[in-house]
Structure formats: structure tokens, C-alpha cells
Protein chains: 2
Amino acid sequence: MRIGELAVRTGVSKDALRFYEKIGLIEGDRLPNGYRDFPPETVPWLQYVRTAQTLGFTLAEIARHGAELKEAPDSAEALSALFEDKIRVVDARMAELAALRAELTGRVGTGCPLRA
Amino acid sequence: MRIGELAVRTGVSKDALRFYEKIGLIEGDRLPNGYRDFPPETVPWLQYVRTAQTLGFTLAEIARHGAELKEAPDSAEALSALFEDKIRVVDARMAELAALRAELTGRVGTGCPLRA
DNA sequence: CTAGACAGCGGAGTACGCTCCAAGGTCAAG
DNA sequence: CTTGACCTTGGAGCGTACTCCGCTGTCTAG
């Protein structure tokens, strides 16, 4: 699939896709005319990238994990482990939010922390 | 308190503190010699800033919230409303994370999105 | 054959959140 | 009076993750 279709199907801009290719986050062949030609599995991969990004992973980290997964023989198992890691990250973040929420709730009706 | 002590007590670098002052995230007086002089409540405020930052709020957002708090009429009602707004923001973020967590949980044990 | 959609490339620019540097002023201790 | 810690300013630079731009090439429909 060419870059325009991939952009439409993933909601990632063409410029961003070219940038992702440059940093090795996605890969594609080239058509005889020089146009990029991405395989269909790039679509779920980019959805995964977006998810990972939301969880606070940098593109470099995501690219590195992707490379590790491609090299791993037992990919389903490796992926599950990765997902479980991320779930732990999410849980930690949710716990932080819960703590902040509790702090805020406790302050409702009290004084302002910005004044003396 | 001068900038060095504030840096030590909060773990925020002096350069970062000067940057924060420039963008209006923190405020301080000046001593007769020109040195910055921060009030003690800057310490908990910076801890709050760090918490908010790790939760994904930008410094601009944090500064804006801080400004709203400072400008709010000093009534428990107005302050409570602001805190409740913030709690709603936190709740929304937690809901997003919960959705992501569900998505990840559903993918554990499934195939790899990197291969066809 | 031409218009228009699509693609390519390189490079500049942007926003965020700092960090580092140079050159210099302030102040307490020895 | 000097040393050294501490402070000032302005400006440059950096990493991340893009976005925008101009110019050029490709392909398809009328």
C-alpha cells in the first residue's frame, strides 16, 4: 500500500510516516517508480505504536521493542510479555492518578495550596 | 529561599527553576542584591508540578491551572469547583488508561501484529 | 496532451522542556 | 584582599516528534 492510503487508514500523516521510516519504526519496499510500498500489517503495527506512545514510550523505545520482537523466535509469547509489562505501566500510572485524585478530593473545601 | 536551596529541596535544577519562572510557573521576589527569593510554599507547589507532569500535563497547562487558582475569589466554593474540575480531568485520564488496559489485556496471548 | 492527484526529496521551522555556557556581580570566611 | 561558593543575564544548543515548504517526478482520466 502506498503512503497516502496508509495515512488515511491509520490517521498518521504522510510526513509522520516518512519520519517513522527514517527512524526505522516502519519499513516498506519501493515500487519501480520509487514510491513507498508498505505491507498491510503496517496498519495494526501503527495502531500498536500509537497505543505505546500514549503509554509514554518514546518512538526509539517502540522501534527497539519492535526489532526485538522481529528477532524473537516465539513472537506470541514475547508479545504477551510485552503487553503484560505495559499493563503494569498502565496500572502504575492509574495508581498515581488515584493518589492525585485522593489528594484533590481531600482539598475540596479546604484552603489553597498556593497561598501561605 | 534562594534558588540553590530550592533546587536542592525539590530536586529541580536551578536552570529549570529559572525556566519555570520565565514561563510563569513559579514566582519569587528579589533580594536587594538581585538574587531570587522564593517563598516556602514553592516547595510543595513544585512537588505538585512534578506529579502533574508525570501524569502528562504540560507545563503550560499546569501554569494555567495555577494561575486560575491564584485568581479565584478566595471562597471555599470557587476553590472546590476548581478542584472538582481537576478531578474530572483526572477521571477522564483514568478512563482512557482503563480502556488501554482492557485493550492490552485482550491482546495478551494473541498473535504478533508485526507479522502477516 | 494536459490537468490534477499523488509521490519523492531535502531542509527549514515549531513546540516543549530543558541544559550548558560565558561573562560577570555578591558575599562570607580566612 | 583573595578565594570560593553562590548568584545574575543572555543566548546557544539539544532531543523528541513532528509539520510545512518548495520543487520535481509519476500516473491516470478526459
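Proteins get letters first, then strands, A, B, ... in listed order; numbering begins at 1 in each. What you see below is based on every heavy atom in this structure, not just the backbone, and it leaves out hydrogens, waters and symmetry mates.
- At the heavy-atom level, B:Ile3 lies under 4.0 Å from the strands shown only through sugar-phosphate atoms.
- A straight line from CG of B:Leu31 to P of D:dC6 spans 16 Å, rounded to a whole angstrom.
- Dashed line: the shortest gap from a side-chain N or O of A:Lys14 to OP1 or OP2 of C:dA7 is under 4.0 Å.
- Within the nucleic acid shown, A:Asn33 comes within 4.0 Å of sugar-phosphate atoms alone, with no base atom in reach, counting heavy atoms only.
- To the nearest angstrom, P of D:dA17 lies 6 Å from CD of A:Gln53.
- Distances shorter than 4.0 Å separate some side-chain N or O of A:Ser13 from OP1 or OP2 on D:dT19.
- Counting non-hydrogen atoms under 4.0 angstrom, B:Arg18 reaches a base of the nucleic acid.
- Considering all non-hydrogen atoms of both residues, A:Ala63 and A:Gly24 come closest at CB-O, 4.3 Å.
- Per the geometry, NZ belonging to A:Lys22 stands 12 Å off P belonging to C:dA12, to the nearest Å.
- Of the two residues near DNA chain D, A:Pro32 and B:Gly4, the one whose nearest nucleotide lies more 5' is B:Gly4.
- If you take CZ of A:Phe57 and P of D:dA17, they are 13 Å apart, rounded to a whole angstrom.
- Looking at A:Arg50 and A:Gln47, their side chains never bring a donor and an acceptor atom within 3.5 Å of each other.
- Side-chain contact between B:Trp45 and B:Ile62 is present, with heavy atoms from C-beta onward closer than 4.5 Å.
- Protein atom CD1 of A:Ile26 is 14 Å distant from nucleotide atom P of D:dA17, rounded to whole Å.
- Comment: A:Arg18 engages A:Asp15 in a salt bridge, judged by a side-chain N to carboxylate O separation of less than 4.0 angstrom.
- Summary of the strand contacts: B:Ala16 and A:Glu5 both lie near DNA chain C, and taking for each the nucleotide with the nearest heavy atom, the more 5' one is attributed to A:Glu5.
- No hydrogens or angles were tested; on distance alone, a donor-acceptor pair under 3.5 Å links the side chain of B:Tyr35 to the base of C:dG25.
- OP1 or OP2 of D:dT9 sits under 4.0 Å from a side-chain N or O of B:Arg36.
- Atom-to-atom, CG of B:Asp15 to C1' of D:dG11 comes out at 12 Å; the value is rounded to the nearest Å.
- What separates CD of A:Glu21 from P of C:dA7 is a distance of 13 Å, to the nearest Å.
- A straight line from CG of A:Leu17 to P of D:dC20 spans 14 Å, rounded to a whole angstrom.
- For B:Phe19, whose side chain is taken as the heavy atoms from C-beta onward, the closest listed nucleotide among C:dG17, D:dT8, D:dT19 is C:dG17.
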Query - Derivation and outcome, salt bridge (charged side-chain N to carboxylate O under 4.0 Å, His left out), residues A:Glu21 and A:Arg30 - result: CA-CA 12 Å; A:Glu21 191 198 41; A:Arg30 291 298 178 121; 3.7 Å; yes
